[in-house]
Number of protein chains: 2
Amino acid sequence: MRKKRVRTWGVLSHSCDELPLASGGNVFTWMNRVSTRQKITIKDVAREAGCGIATASRVLNRSGPASAEVRERVEKAAGELGFSFSAIGRALQSSRSMTIGCLVPSLANPVFAEAVQGVQEALTGSGYQLLIASSNYDENADNDAIATLLAKEVDGLIVTMAAPDSSVMLKRARQRGTPVSLMFHDPIDGLPTAHVDNFEAAREVARRFADLGHRRTAFLALRFATSDRSRNRYAGFHAECRARGLPDPALIELSEAEANTPELLSSILATLDGLSAVFASNDFLAIAVQKAAQLMGKRVPRDLSVVGFDGIEIGRLLEVPLTTIETAPDAMGRQAARTLLDLMQGGACIQQPPLPFNFRAGGTLAPPRVESRDDDQGATWPPSVHSLKTDLKQG
Amino acid sequence: MRKKRVRTWGVLSHSCDELPLASGGNVFTWMNRVSTRQKITIKDVAREAGCGIATASRVLNRSGPASAEVRERVEKAAGELGFSFSAIGRALQSSRSMTIGCLVPSLANPVFAEAVQGVQEALTGSGYQLLIASSNYDENADNDAIATLLAKEVDGLIVTMAAPDSSVMLKRARQRGTPVSLMFHDPIDGLPTAHVDNFEAAREVARRFADLGHRRTAFLALRFATSDRSRNRYAGFHAECRARGLPDPALIELSEAEANTPELLSSILATLDGLSAVFASNDFLAIAVQKAAQLMGKRVPRDLSVVGFDGIEIGRLLEVPLTTIETAPDAMGRQAARTLLDLMQGGACIQQPPLPFNFRAGGTLAPPRVESRDDDQGATWPPSVHSLKTDLKQG
DNA sequence: TTGTATGCGTTATCAA
DNA sequence: TTGATAACGCATACAA
């Protein structure tokens, strides 16, 4: 016999003990349940209704025949006892947890938070709940999280992680037959994904820059190593510059500190002579760049053009609205959830086309100042220390 | 005998069927498991190791004695089989799900998203996972969500909701003995909460306004009905104005559309003659107000002072940094999680003091223009249609 | 040191 | 139309 663990509530200012013990009706039965703290199972309902548990189950689930009279008794008993099914018992018996695991790098990044919110929305009414995990952009944490989610026997997985293509746990998930749907990633390894075409979107930015006459450009990113999104954006940006015979854009990977400290950021930008346009890997970075430019005495977009990525709402409301690539993280979440739901219902794995992006004009993009128009004027363009290999894709 | 449901993976572009069937080693056993898709239980491990399940359990959990040799066999078997415990089986047996339920209005609001991220952080390493739900600010959805969470037998609950003090399901949670910890709410009904003192913070804003000579002020909020936070902020703001003998601040509740459309917002602000300072219930709103002011040809802070609430990071980076009350949603999440962990370990329910807030000076607050300095000059101050009752707290 | 048997809450089977 | 019973995966009391 296992001993019942009785949890103590500790000292509450309005503890239940203060309630009058002998008061009738609701409060009294309420007290009863509180003091015993017994969990009410279908067995209790059956006993109270004077029937077998199978019958009670059938009635409460409407899953089989039952005479009108016993049905009534069962429903009454369940109501009075405040019975509700244990999802755990159910999960064990049905081997379906009715739970979906979701892994994102961090909820502190509104892009992921909105995506998860989108997942939630698509899941409401489906009967599935969301078990959530975040890895803080750490590859090991990614795998640990998936392992835990799998141990909880989630019925499906919605994932954004550092390295989905090489994750052992993700492979394990598929071995177990747990459907997986990706968010933000490019299609990988036969896993369906809800994404935008980062490569194409970035090419669009390069095109705009080039059309206006920009030559010296830079791409700023925060976590190049753990973000295939950033890498794809840079690849597309770079590819288009190449295709047009323009100089390779400088690739600058910032630390958290550099991104959040305008002073640091401006000193980095200052090393880039002749720079006339910056493509930031996300809108926050783009706004930080503007602040940094302000510190350097440069005006946006007159002295420096800045384009962001994501299309966060607040960019619209800035004094000079941010030029950016609009995406819809919530739509991404919704699509990922729908795809997973489909998969779990035995549907075929069909990869949806990338979700659309939209170039939002804003006011932070303009032609470069005339003086920087001319070309190979010498040695001022440094082979940036931050620069990485450039042929990431289609290079 | 229940029939095993075999889930089909559908048509994947790189389906496992494409892998060579007869290739040896890893791939082969991998295939094996894939094709059978049987879940490996401790029973399998025991059989493989040639011992009883109790022994296997003891070895794998290090929960009891075991000879070195059997220990080795069990661990080997577990490794080869790729065994991992089923959290569901465990939960059923131990009546602890190792899962914590978390309810917030929406993850699309970065304040809540950050708080949840804080919860996550405080939970890592604890062994608990987060089951998350969002209500979209709907009171009924709040209760439904808690009901579902309770059905999943969460070991604890972290909650931000529309009406915690009158929620039947929250009461039910306590009846069941499920520890509850609140976020963002003021202390209520003996439930511990992680919060900032909205009332005091708002008084601080009123004080700053008053000290600079502002008289005609307004409070802008988005969801007054479902947000005790907003109500408390208004109450504090109002109380301090009263205490100083200043006119009651106008209370303006905006619709989503009004808040996001600067044109609408400016037309609303235009109805407030003599208005010299606006206190917005959150930073996004404050930024929207600035945009609206810009549209009206007013300059901030010269013609209109604006103060926000929350202290989102981006406010710092604006061309003119937002004056606001800084709070730390992630700290709120962490505290709520720690409190809950404590409670679940049988700790007493002790209410932590409110988390500190900080008035961030920024650049959107300045003295009013001199012309609006004089007092009862007549009928221009309308008894705003949006105005609500004012005596919410401490009058 | 080990293994058998029981129960956790549920649903499905099957005989009444 | 009913109800006893066997799983489901695990941990543990208890007997060996």
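By convention in this document, chain letters (A, B, ...) are assigned in the order of the sequence lines, proteins followed by strands, and residues within each chain are numbered from 1.
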## Note on the structure
The answer to which of B/G50 and B/G89 contacts DNA chain C further toward the 5' end, by nearest nucleotide, is B/G50

### Message
Could you tell me how far apart B/I42 (CD1) and D/dC8 (P) are, to the nearest whole angstrom?
### Response
15 Å

### Message
Taking only side-chain N and O atoms of B/S67, does any of them lie within less than 4.0 angstrom of OP1 or OP2 on C/dT2?
### Response
yes

### Task
Would you classify B/A66 as touching base, sugar-phosphate or nothing, given that sugar-phosphate means primed atoms plus P, OP1 and OP2, and contacts are heavy atoms under 4.0 Å?
sugar-phosphate

### Query
Is B/R96 salt-bridged to B/E153, going by a charged N under 4.0 Å from an acidic O?
no

### Message
Using a heavy-atom cut-off of 4.0 Å across all strands, would you classify B/G52 as base, sugar-phosphate, or nothing?
### Response
sugar-phosphate

### Message
Just to be sure I understand the rule, does B/S57 reach a base, reach only the sugar-phosphate, or reach nothing, if contact means heavy atoms closer than 4.0 Å?
### Response
base

### Query
Over how many whole Å does the gap from B/K152 atom NZ to C/dC8 atom C1' extend?
18 Å

### Task
Would you please say whether a donor-acceptor pair under 3.5 Å links the side chains of B/T99 and A/K152?
yes

### Message
Let me spell it out: for each of B/A54 and A/A56, pick the nucleotide of DNA chain D with the closest heavy atom. Which residue's pick is nearer the 5' end?
### Response
A/A56

### Query
What nucleic acid atoms does A/I88 come within less than 4.0 Å of, heavy atoms only: base, sugar-phosphate, or nothing?
nothing

### Query
Would a 4.5 Å heavy-atom cut-off, applied to side chains only, mark A/R47 and A/K43 as touching?
no

### Message
Pick the closest DNA chain D nucleotide for B/R58 and for B/S86 by heavy atoms, then say which residue is nearer the 5' end.
### Response
B/S86

### Task
Look at the side-chain N and O atoms of A/T55 and state whether any lies under 4.0 Å from the OP1 or OP2 oxygen of D/dG3.
yes

#### Entry: Minimum side-chain heavy-atom gap A/M344-A/Y128 below 4.5 Å
yes

